[in-house]
Amino acid sequence: MSERVNEEKNLPADGTKRAGPQPDGPQPDGTKPDVTSGVTKPGGTSGGAGVKSGSSPVAAAKAEAVLPTLGPMGMLRWAWTQLTSMRTALFLLLMLAVAAVPGSLFPQRPANPSIVTQYIKDNPDYGKILDSLQLYDVYSSAWFSAIYILLFISLIGCVVPRAIAHYKAMRSQPPRTPARLSRLPEYGTLVIPAKAGIPASEAIEDAAALLKKRGYRVDVRDRDGARPSVGAERGFLREVGNLVFHTSLIGVLVSVAIGGLFGYSGQRILVEGDTFVNTLVGYDQFTPGTNFQSSQLQPYSVQLDKFQITFDRESEGKVGQPIDFKADVTTKESPDAPAKKDVLKVNDPLTLGGTSMYLTGNGYAPVVTIRDGAGNVAMQGPVVAKLQGDNYYSSAVIKVPDAKPEQLAFAGFFLPTAFVTDEGVSFSGDPELFNPQLTLNSYYGDLGLDDGAPQNVFELDVKKLTPLNARNLDAGGITLAPGASYTLPDGKGSISFDGVKRYVGVDIHHNPGQLYALIFALLAVAGLVTSLYVNRRRVWVRTGTHDDGRTMVEYGLLARGEDHRLAGEAAAIRRLLAGAWDLEDQGSQSAPSGSADNDRADTSNPGTGTGADTEQDSADHPAADFIQSTAGSSESKKDQ
């Protein structure tokens, strides 16, 4: 119909038709119009390629439309739009979680390079392939870093435009008052009797003051008009919380990146009496960050004075279980600083020089003295025994590369409280040092340390060594109690068991982004909670004066998104308005609103009769009011 009217308007004064699109349908001569060129062709065909006969000009235009090519800049804008969408950010976050899985499936070179080397040797068919895919260096790999950087960019691209738009929305006025408030999910009316002497302008000022006191941002419209109204809005903290959450995620990513770039970690075993100095050579194992510099190390020192363990001796079934660990240490912040006594305990790290020192392990270190075949002391001091079983049953490995004429080695077990079964098998019956015993086998030969190849200090490869003592040899094994000594066969030397010390294992971490990561994580939780519990709401109130002098009030509420508490908010606002105008004792019957712009306010309350009947009721009830909820109706859905 609109197309025909438009074409009739385009007719010239003489009544002839202009060139251009013609109306659909056959012409007087039996031909059909050409909707593309305006030329009528015989036979009922149109000149537009691919356009069916009788199609409208709009369809013809769409059929002939040619989309412009994007070009390089257009492609870049399209790619940026896709990258900065929230859907892409969530997808990248999922990809980052999936990409971290191989880090827990395969050994990682930064954590233990020797294990990775051994893993490749044990799996020669696919070990090198995994290495080429950087699966042994997952968190520093190119593909993991690419996902990390893309997620970082995507979050920034999502947050910045939303923050700008939200800032503009906070500075803008509340939306205009709808023409029909009854379309809103929550709607109601109030009637102020004429004897109250409250005109429409004063009533709207009262409503604005109440809404502002309740936390709404208000704007009064047409204050001196016949039907003044007020628009109110609140809940901007919801989007603020959402923005804080996403910004905090960016902060967490940056903090983790800073920790990976400039942080470091290391491990050290300290025997009672030993001192650790925070230098590269002071670590047993050291893992630097990507941009680590040795100048970051502050030369503090920690000396282990004494380590104490408290074992449970009272609980049934748990006798001998450790219940407390305490390491007494002496610390110095710098070489020239005064010494300070301190205590290192589990879950109570020691903070020195920007690092945190954690107590992670402990055990026994038997003190031995080994002499070679020439009678010279080839090795003397504590030997760290590695825990292997219950009651501090530990393995001990001793390598003596300085022994002459042959290098010596020992491997065996240390038992804090030794017991022997009827079969002659020794075991530890208690973790305390009630009957300490050192049981060893001895070997001689080339230990393989002179070629510079790294070895595990807790393991001994005996394939290239010749045994001296063992249970299956005539010389038998070596069993020593504290203070005892043993002479090796063939004049190879001797070993003595001088005593037992305790040792601790400590982890030392320096992460400059750790505190910031915690702060941003807490902000992210706060922002998420805010976005979940704060609702974005809009309220409109309109007033008008009835012919008989009464002031008619109607109000409506609308929520941005799901808000199951909107009905409660409507009831609260109604109570505030009624209380401000002393309407608490009013009835709940319908009342006419001749000057209101809402149909439901102008007519009778459903179920009360016609408008005439309502007019009569209003005379009997001059201050009646009306409330209703239209949530879920077709009208409310249109406005949402």
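In this chain, numbering begins with 1 at the start of the sequence shown. Nothing here was measured: the structure is a model prediction, and the numbers come from that model.
When the side-chain hydrogen bond (donor to acceptor under 3.5 Å, both in side chains) test is applied to Tyr444, no partner is found at least two apart in sequence or on another chain. For Val343, the side-chain contact (heavy atoms from CB on, under 4.5 Å) partners two or more places apart in sequence, or in a different chain, are Lys326, Asp328, Lys345. Evaluation of the side-chain hydrogen bond (donor to acceptor under 3.5 Å, both in side chains) rule for Thr439 yields Gln437 as partners, not counting sequence neighbours. Contacts of Asn535 classified as side-chain hydrogen bond (donor to acceptor under 3.5 Å, both in side chains), with partners at least two apart in sequence or in another chain: Arg565. For Glu459, there are no side-chain hydrogen bond (donor to acceptor under 3.5 Å, both in side chains) partners, not counting sequence neighbours.
Each side chain to side chain donor-acceptor pair (under 3.5 Å) pair with one or both residues in residues 83-95, not counting sequence neighbours, appears once here: Ser85-Thr88. Applying the ring pair (Phe, Tyr, Trp, His ring centres under 6.0 Å) test to every pair with at least one member in residues 363-386, sequence neighbours left out, gives these pairs: Tyr364-Tyr392, Tyr364-Phe414. Applying the ring pair (Phe, Tyr, Trp, His ring centres under 6.0 Å) rule to pairs touching residues 452-489 yields nothing, sequence neighbours excluded. Pairs of residues two or more places apart, or lying in two chains, that qualify as ring pair (Phe, Tyr, Trp, His ring centres under 6.0 Å) and include a residue from residues 291-348 are Tyr264-Phe292, Phe286-Phe292. For residues 99-117, the salt bridge (Lys or Arg N to Asp or Glu O under 4.0 Å) pairs, not counting sequence neighbours, are Arg109-Asp131, Arg109-Asp137. Pairs engaging residues 372-388 under the salt bridge (Lys or Arg N to Asp or Glu O under 4.0 Å) rule: none recorded [sequence neighbours left out]. Each ring pair (Phe, Tyr, Trp, His ring centres under 6.0 Å) pair with one or both residues in residues 512-535, not counting sequence neighbours, would appear here, but there are none.
Checking Lys340 against Thr331 by side-chain atom types alone, no donor-acceptor pair falls below 3.5 Å.
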Give the intermediate values and the outcome of side-chain contact (heavy atoms from CB on, under 4.5 Å) for residues Trp80 and Ile153. CA-CA 10 Å; Trp80 175 254; Ile153 296 174; 3.8 Å; yes
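Asp274 and Lys501 are not joined by a salt bridge, as no carboxylate oxygen comes within less than 4.0 angstrom of a charged side-chain nitrogen. With respect to the salt-bridge test (charged N to carboxylate O, under 4.0 angstrom), the residues Glu239 and Arg162 qualify.
Between the CG atom in Asn278 and the NE2 atom in His510 there is a gap of 10.0 Å [rounded to 0.5 Å].
Residues Tyr443 and Phe410 place their aromatic rings such that the two centres sit no closer than 6.0 Å.
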